[in-house]
2 protein chains.
Amino acid sequence: METTENYEQLKLENQICFPLYAASRLVTRLYQPLLDELGLTYPQYLVLLVLWEHNGLTVNQVGDRLHLHSNTLTPLLKRLEQQGLLQRRRSTTDERLVQLMLTPEGNSLKKKAACIPSQLAAAADLPPDKALALKALLEELLQKHPSW
Amino acid sequence: METTENYEQLKLENQICFPLYAASRLVTRLYQPLLDELGLTYPQYLVLLVLWEHNGLTVNQVGDRLHLHSNTLTPLLKRLEQQGLLQRRRSTTDERLVQLMLTPEGNSLKKKAACIPSQLAAAADLPPDKALALKALLEELLQKHPSW
DNA sequence: TATATTTGGATCGTATACGATATAATCTTA
DNA sequence: TAAGATTATATCGTATACGATCCAAATATA
């Protein structure tokens, strides 16, 4: 005999992870018209956010901040290099390390990007208090899994 | 002259969309050991959640619920078909439509999946009240963009 | 009813994600 | 100091995402 209650939690509307997945994709799509003007994808933009704050980081140092490994980052970084936004160069003191140095073009893109956060917030159209509450809950979830 | 304040919002720690992106990927990874036992990826699991509730939907009807288009769904559905979990068959009344019919194996996978939601909740380790608050905020964000 | 438009899927190309593995450089330590 | 372990990055294979486009079927409409 089938006990219907066991399957309540399998309904899409009762999933919590599905809206997380859908919202993440939604936001990436909201970014896109803004990032198109810089010729960037969203993950590329994230890498530049990190480097604008900390130029010269290595691949894994960027990866630690974005929770990404070299199998994802290496091709992405090569594309940014081909676009002339950064240089990848082996450290002379430890040739295992690849340091990521912004070019003048990569650095100057920061000025064009300065308006993006407010524009994205307007596009997302979530009240500031709710955006902050959402951010806090997401960060609590992330902090529970530090092995990332 | 450079006004530092303009760039505050470009810092990674001030991004709200980055934790959304990172949390979505985290949760997908939390699902993975559970879904491995069913031989499913997370998006494949989402498709089955929909079909377990509404067997026989068309490609776009599933896509409407998951916010995915045929360019993503068609290859995914072909993989589910190859695994013997569903059949794709053209509607006889409207040959544009492809109906998705679960096979007995696809249907019976529901029983094995019944334990996944509670296991995932345990793995995520977010208190139920916060999980519900997070779900509500995400759904509010999603509802503001119905064109999806 | 013949043509134009719309609709539903499929295909193609590019860019992530990510597990598994490879490789070279560095470090450990017997 | 030579062999083994570790580290940092790269490579490979598979599976999404998604914009753009194609194609056939259905609908609308002149």
Side-chain angles (χ1 to χ4, degrees), chain A residues 18 21-33 35-36 38-48 57-64 66-83 85 87-100 147-148, chain B residues 18 21-33 35-36 38-48 57-64 66-83 85 87-100 147-148:
Chain A
F18 169 63
Y21 160 86
S24 175
R25 289 168 42 228
L26 168 63
V27 166
T28 298
R29 284 170 70 142
L30 293 177
Y31 267 108
Q32 187 167 337
L35 294 178
D36 278 349
L38 311 190
L40 296 174
T41 65
Y42 182 63
Q44 289 169 5
Y45 172 69
L46 290 177
V47 167
L48 289 181
L57 288 188
T58 67
V59 173
N60 276 358
Q61 285 172 332
V62 171
D64 286 344
L66 301 182
H67 310 310
L68 290 169
H69 294 296
S70 68
N71 50 1
T72 298
L73 282 175
T74 295
L76 188 159
L77 293 167
K78 285 184 178 176
R79 283 187 280 271
L80 289 177
E81 187 176 41
Q82 281 191 331
Q83 294 174 46
L85 300 179
Q87 271 201 337
R88 297 155 60 244
R89 69 168 181 233
R90 291 276 168 184
S91 162
T92 50
T93 59
D94 185 342
E95 298 215 352
R96 293 172 302 182
L97 303 174
V98 169
Q99 294 178 303
L100 305 170
S147 64
W148 260 39
Chain B
F18 168 62
Y21 160 85
S24 174
R25 289 167 41 228
L26 167 63
V27 166
T28 298
R29 283 170 69 141
L30 293 178
Y31 267 107
Q32 186 167 340
L35 294 178
D36 277 349
L38 311 190
L40 296 174
T41 65
Y42 182 63
Q44 290 170 3
Y45 172 69
L46 290 178
V47 167
L48 290 182
L57 288 188
T58 67
V59 173
N60 276 356
Q61 285 172 333
V62 171
D64 287 343
L66 300 182
H67 310 311
L68 290 169
H69 294 297
S70 67
N71 50 3
T72 297
L73 281 176
T74 295
L76 187 158
L77 292 167
K78 285 184 177 175
R79 282 186 281 271
L80 289 178
E81 187 175 41
Q82 281 191 332
Q83 293 174 47
L85 300 179
Q87 268 202 339
R88 298 155 58 246
R89 68 167 182 233
R90 292 274 167 185
S91 162
T92 51
T93 60
D94 185 341
E95 297 217 353
R96 292 173 302 182
L97 303 174
V98 169
Q99 294 179 303
L100 306 170
S147 64
W148 261 40

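Quick caveat: nothing in here was measured; it's all calculated off a predicted structure. Each chain gets a letter, A, B and so on, in the order its sequence line appears, and its residues count up from 1.
Note on ring orientation: taking the six-membered ring where Trp is involved, the planes of A:Tyr21 and B:Tyr42 are perpendicular (angle over 60°, cut-offs 30° and 60°).
Of all the heavy atoms in A:Ser70 and A:Pro75, the pair that sits closest is O-CD, 3.9 Å. When all heavy atoms of A:Leu73 and A:Val59 are compared, the pair lying nearest together is CD1-O, 3.6 Å.
OP1 or OP2 of C:dG9 lies within a sub-4.0 Å distance of a side-chain N or O belonging to B:Thr58. For the OP1/OP2 pair of D:dT16 and a distance below 4.0 Å, the side-chain nitrogens and oxygens of B:Gln44 include at least one atom meeting the criterion. Between B:Lys78 and the phosphate of D:dT14, there is no side-chain N or O to OP1/OP2 separation shorter than 4.0 Å. When the side-chain nitrogen and oxygen atoms of A:Arg79 are compared with OP1 and OP2 of C:dT16, one or more of them lie within a distance under 4.0 Å. The phosphate of D:dA15 has neither OP1 nor OP2 within less than 4.0 Å of any side-chain N or O from B:Tyr42. Contact check, B:Arg88 against C:dA10: a side-chain N or O comes under 4.0 Å of OP1 or OP2.
In this structure, the CG atom of A:Asp36 is 14 Å from the P atom of D:dC18, given to the nearest Å. If you take CG of A:Leu57 and C1' of D:dA8, they are 14 Å apart, rounded to a whole angstrom. When rounded to the nearest whole Å, the span between CG of B:Leu46 and P of D:dT16 equals 10 Å. D:dA24 atom C1' lies 12 Å from atom CG of B:Leu97, rounded to whole Å. Atom CG of A:Leu77 is separated from atom P of D:dT9 by 10 Å (rounded to the nearest Å). If you take CZ of B:Arg25 and P of D:dA17, they are 12 Å apart, rounded to a whole angstrom. Between the NE2 atom of A:His69 and the C1' atom of C:dG19 there is a distance of 10 Å, rounded to whole Å. Note: CG (B:Leu68) to P (D:dG19) measures 11 Å, nearest angstrom.
The shortest distance between side-chain heavy atoms of A:Leu97 and A:Arg90 does not fall below 4.5 Å.
Across all strands, A:Asp94 comes closer than 4.0 Å only to sugar-phosphate atoms, never to a base (heavy-atom distances). The residue B:Asn60 sits close only to the backbone: its heavy atoms come under 4.0 Å of sugar-phosphate atoms, none of a base. No engagement by B:Ser91 is indicated, since no non-hydrogen atom pair under 4.0 Å with the nucleic acid exists. The residue A:Thr28 sits apart from the nucleic acid: no heavy atom pair falls under 4.0 Å. Using a 4.0 Å heavy-atom distance criterion, B:Leu76 is classed as a sugar-phosphate-only contact. Residue contacts for B:Thr41: at a heavy-atom cut-off of 4.0 Å it reaches the sugar-phosphate backbone alone, with no base atom in range.
Of the candidates C:dG9, D:dC18, D:dT9, the closest approach to any side-chain atom of B:Thr72 belongs to D:dC18. Counting only heavy atoms from C-beta on, B:Glu95 has its side chain closest to D:dA25 among C:dA25, D:dT9, D:dA25. Listed candidates were D:dT9, D:dA25, C:dA10. Nearest to the side chain of B:Arg96 is D:dA25. If you check D:dA17, C:dT16, D:dA10 against the side chain of A:Tyr21, the one that comes closest is D:dA17.
Judged by atom type and distance alone, B:Ser70 reaches the base of C:dA10 through a side-chain donor-acceptor pair under 3.5 Å. A:Asn71 contributes a side-chain N or O that forms a donor-acceptor pair with the base of C:dG19 under 3.5 Å.
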Q: Could you walk me through whether A:Leu40 and A:Leu80 pass the side chain to side chain contact (heavy atoms under 4.5 Å, CB included) test, one step at a time?
A: CA-CA 9 Å; A:Leu40 296 174; A:Leu80 289 177; 4.0 Å; yes
Q | Worked check of side chain to side chain contact (heavy atoms under 4.5 Å, CB included) between A:Arg88 and A:Leu100 | A | CA-CA 5 Å; A:Arg88 297 155 60 244; A:Leu100 305 170; 3.6 Å; yes
